Amino acid sequence: MKLLVVGSGGREHAIAKKLLESEEVETVFVAPGNDGMGLDGLELVDIGISEHSKLIAFAKAEAVDWTFIGPDDALAAGIVDDFHQAGLKAFGPTRLAAELEWSKDFAKSIMAKYKVPTAAYGTFADFDEAKDYIEAQGAPIVVKADGLALGKGVVVAETVEQAVEAAREMLLDNKFGDSGARVVIEEFLDGEEFSLFAFVNGDKFYIMPTAQDHKRAYDGDEGPNTGGMGAYAPVPHLPQSVVDASVETIVKPVLEGMIAEGRPYLGILYAGLILTEDGPKVIEFNARFGDPETQIILPRLTSDLAQNITDILAGREPDITWLDTGVTLGVVVASEGYPLAYEKGVKLPPKTEGEIITYYAGAKFDPNMNLRSNGGRVYMLVTTAESVKAAQDNIYKELAEQETTGLFYRHDIGSKAIKD
Ligand code: AMP
Ligand code: GLY
């Protein structure tokens, strides 16, 4: 088989590397990818994620069997619809199915209609109405831009004033452009957050191990929200009963609801959940794999990912198996200053070999073929060990030996799982 992965981050590196492990797969192309991925034998293709017709022409010319779409913005732009129209197979939801991610108002309305537990909410395009609602509800309260906002469109407000200010910035000052033309204002939920992923085709779904991301930039969950600074799987202190409840009350009804709405779901469903006193509730849905969660989930897959997805695409029952012992943990190394302004061009340490995997996100060769930083999140080290503590020890020992001037990372990925 020849496969194509669309995207350029650590998530796409992990997907492509896993696909290439299959004996059936001769080539995995990544468009546009990043130079670090080339070190793992992946073939980089210089086509951007929004250049649908070029991607389609490439997939046809190379007789690619199917394409895995990584990023949310490509899905929201209808890349899967375009591939289907061209007669090509793509693993990912259509634009209408991906609306679960690209419109928070749509996701909330589906959850309300199909009785999926989530925070109470209101959607507003008018600032005065939003302000009245916030004042009536009181704080803490959460204000979200309706559309995609690079993970930055959510304000968890501790006071009414903060919430009103957030609504003002989105609705009156156009802080997020069209994405903030409507806001979803919702009840603050208290509890432990975790992510649940599934491979999906229609009403058939296959759950992956639970994962926990670390969204804040600095140790102790301090600092600004980022795309994610590290993660581990499975979450050892989440009982199976919580996973079972999440499947029954959340995953099943939402997928059945999407079929009833004429938007059957294909691809990866990402449920961002919070374990409240009343059971698991939905914080958000994403229509794709998480980054950095993919990098710690896929190393636990013991079956053949390429074969599994081929089967799912063909409507066959895939034989999906997971490592059932130990923990896989990963720490993201980012450019100093991320998620705000940062410098590029820092020389990177050599790729790790053996027990620790390096996944690259923002990495680029200089003219002397030295790999240098080229983005906010730069690379991620991932390992599997018998416990969270043992995995942390391995990763942080390696990081202490690496030259990371100009870069930074969190020192406490997974620590919550140890304290509990
Ligand atoms: P999101 O982009 O929707 O994942 O939101 C980003 C972060 O905001 C989440 O990871 C939560 O930590 C927090 N958050 C979002 N919605 C709520 C809520 N209703 N209650 C409490 N925290 C929330
Ligand atoms: N790790 C968070 C995300 O992928 O949205």
Side-chain angles (χ1 to χ4, degrees), residues 7 9-12 14-15 70-73 75-76 98 100-108 111 116-122 134 137 139-158 162-163 166 170 176 179-180 183-197 208 210-217 221-233 268-278 280-298 330-332 334 339 359 361 376-377 380 410 413 416:
R11 166 180 58 203
E12 286 76 19
I15 294 166
D72 50 354
D73 34 0
L75 296 165
L100 266 188
E101 172 163 11
W102 60 260
S103 168
K104 292 192 191 287
D105 175 56
F106 174 77
K108 294 299 276 190
M111 286 187 265
V116 173
T118 186
Y121 80 110
I134 291 167
Q137 299 295 318
I141 192 160
V142 184
V143 181
K144 302 183 173 185
D146 174 51
L148 297 179
L150 296 170
K152 298 187 177 113
V154 175
V155 175
V156 179
E158 278 157 31
Q162 276 172 6
M170 292 179 201
F176 299 106
S179 284
V183 297
V184 168
I185 300 178
E186 64 177 37
E187 171 197 6
F188 173 82
L189 298 176
D190 199 16
E192 177 144 5
E193 284 181 54
F194 65 103
S195 312
L196 196 61
F197 294 86
M208 305 188 204
T210 54
Q212 201 161 50
D213 188 10
H214 296 62
K215 286 196 172 136
R216 300 296 198 100
D221 286 337
E222 301 280 342
N225 262 322
T226 69
M229 294 297 294
Y232 62 99
I268 305 290
L269 181 71
Y270 169 154
L273 306 179
I274 189 160
L275 181 55
T276 71
E277 283 181 350
D278 304 325
K281 294 190 178 182
V282 177
I283 294 267
E284 62 167 352
F285 284 117
N286 293 319
R288 52 171 174 84
F289 252 135
D291 188 344
E293 293 97 322
T294 308
Q295 295 91 305
I296 49 100
I297 288 179
L298 285 185
V331 177
V332 171
Y359 292 115
R377 291 188 289 181
M380 181 174 186
R410 278 182 61 160
I413 301 302
K416 242 196 242 171

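The model shown is predicted, which means the values in this text are computed figures rather than measured ones. We count ligands from 1, going down the list as the structure has it; atoms in each ligand are counted the same way.
Residue contact check: Glu186 has heavy atoms under 4.0 Å from atoms 16 (N), 17 (C), 18 (C), 19 (N) of ligand 1. Close approach to Gly290 involves these atoms of ligand 2, each under 4.0 Å from a residue heavy atom: 4 (O). The Gly227 neighbourhood of ligand 2 comprises atoms 1 (N), 2 (C), with distances under 4.0 Å to a heavy atom of that residue. Shown in contact with Asn286 at under 4.0 Å from a heavy atom are these atoms of ligand 2, numbered in order with element: 5 (O). Residue-ligand proximity, Glu187 to ligand 1, at heavy-atom distances under 4.0 Å covers atoms 18 (C), 19 (N), 20 (N). Every atom of ligand 2 with a heavy atom of Asp213 under 4.0 Å away is listed here by number and element: 1 (N), 2 (C). Per-residue contacts place Phe188 under 4.0 angstrom from the following atoms of ligand 1 (heavy atoms of the residue considered): 20 (N), 21 (C).
Annotation: atom 23 (C) of ligand 1 to nearest protein heavy atom, Ile283 CD1, 3.8 Å. Protein heavy atom in closest approach to atom 20 (N) of ligand 1: Leu189 N, 2.8 Å. In terms of protein heavy-atom proximity, atom 16 (N) of ligand 1 is closest to Lys144 NZ, 3.1 Å. In terms of protein heavy-atom proximity, atom 10 (O) of ligand 1 is closest to Glu193 OE1, 2.8 Å. Taking atom 2 (O) of ligand 1 as the reference point, the nearest protein heavy-atom neighbour is Val154 CG2, 3.3 Å.
Counting heavy atoms under 4.0 Å from ligand 1, residue Val156 touches it through the side chain alone. The part of Val142 lying near ligand 1 is the side chain, judged by heavy-atom distances below 4.0 Å. Proximity of Glu293 to ligand 2, defined as any heavy-atom pair under 4.0 Å, is confined to the side chain (atoms from C-beta onward). Contacts between Arg288 and ligand 2, counted as non-hydrogen atom pairs separated by less than 4.0 Å, involve the side chain only. Looking at Lys104 against ligand 1, only its side chain comes within 4.0 Å, counting heavy atoms.
Salt bridge status for Glu222 with Arg216: absent, with no side-chain N to carboxylate O gap under 4.0 Å.
In terms of modelled atom types and a separation under 3.5 Å, the side chain of His214 and the main chain of Ile413 share no donor-acceptor contact. Side chain of Arg377 to main chain of Pro339: no donor-acceptor pair is present (N/O by atom type, distance under 3.5 Å, no hydrogens or angles).
For Glu158, the CD atom sits in a loose shell: 12 or fewer heavy atoms of surrounding residues, nucleotides or ligands are nearer than 6.0 Å.
Contact annotation: the side chain of Val143 never approaches that of Val184 to less than 4.5 Å [non-hydrogen atoms, C-beta and beyond].
In this structure, Gly272 does not count as a contact residue of ligand 2, since none of its heavy atoms falls inside 4.0 Å of the ligand. Residue contact annotation: Gly228 has no non-hydrogen atom under 4.0 Å from ligand 2.
For Ala119, no nitrogen or oxygen atom sits less than 3.5 Å from a nitrogen or oxygen atom of ligand 1, counting backbone and side chain alike. Residue contacts with ligand 1: Lys215 is placed with a nitrogen or oxygen under 3.5 Å of a nitrogen or oxygen of the ligand (distance criterion only). Polar contact check, Arg11 against ligand 2: no nitrogen or oxygen pair lies under 3.5 Å apart.
Atom CD1 of Ile283 is separated from atom NZ of Lys144 by 5.5 Å, given to the nearest 0.5 angstrom. Once rounded to the nearest 0.5 Å, the distance linking CD of Glu193 with CG of Leu275 reads 11.0 Å. Here Glu192 contributes atom CD and Thr276 contributes atom OG1; the two are 12.5 Å apart, rounded to the nearest 0.5 Å.
Between Phe289 and Phe197, the ring centre distance stays below 6.0 Å.
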- Carefully, step by step, assess Tyr232 and Gln212 under the rule side chain to side chain donor-acceptor pair (under 3.5 Å). CA-CA 6 Å; Tyr232 62 99; Gln212 201 161 50; 2.4 Å; yes
- Passes side chain to side chain donor-acceptor pair (under 3.5 Å), Glu101 versus Tyr270? Steps please. CA-CA 9 Å; Glu101 172 163 11; Tyr270 169 154; over 6 Å; no
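One side chain, Lys108 or Thr118, offers a donor N or O that lies under 3.5 Å from an acceptor on the other.
Met208 pairs with exactly one of Thr294, Leu196, Ile268 by the side-chain contact (heavy atoms from CB on, under 4.5 Å) rule, that one being Ile268.
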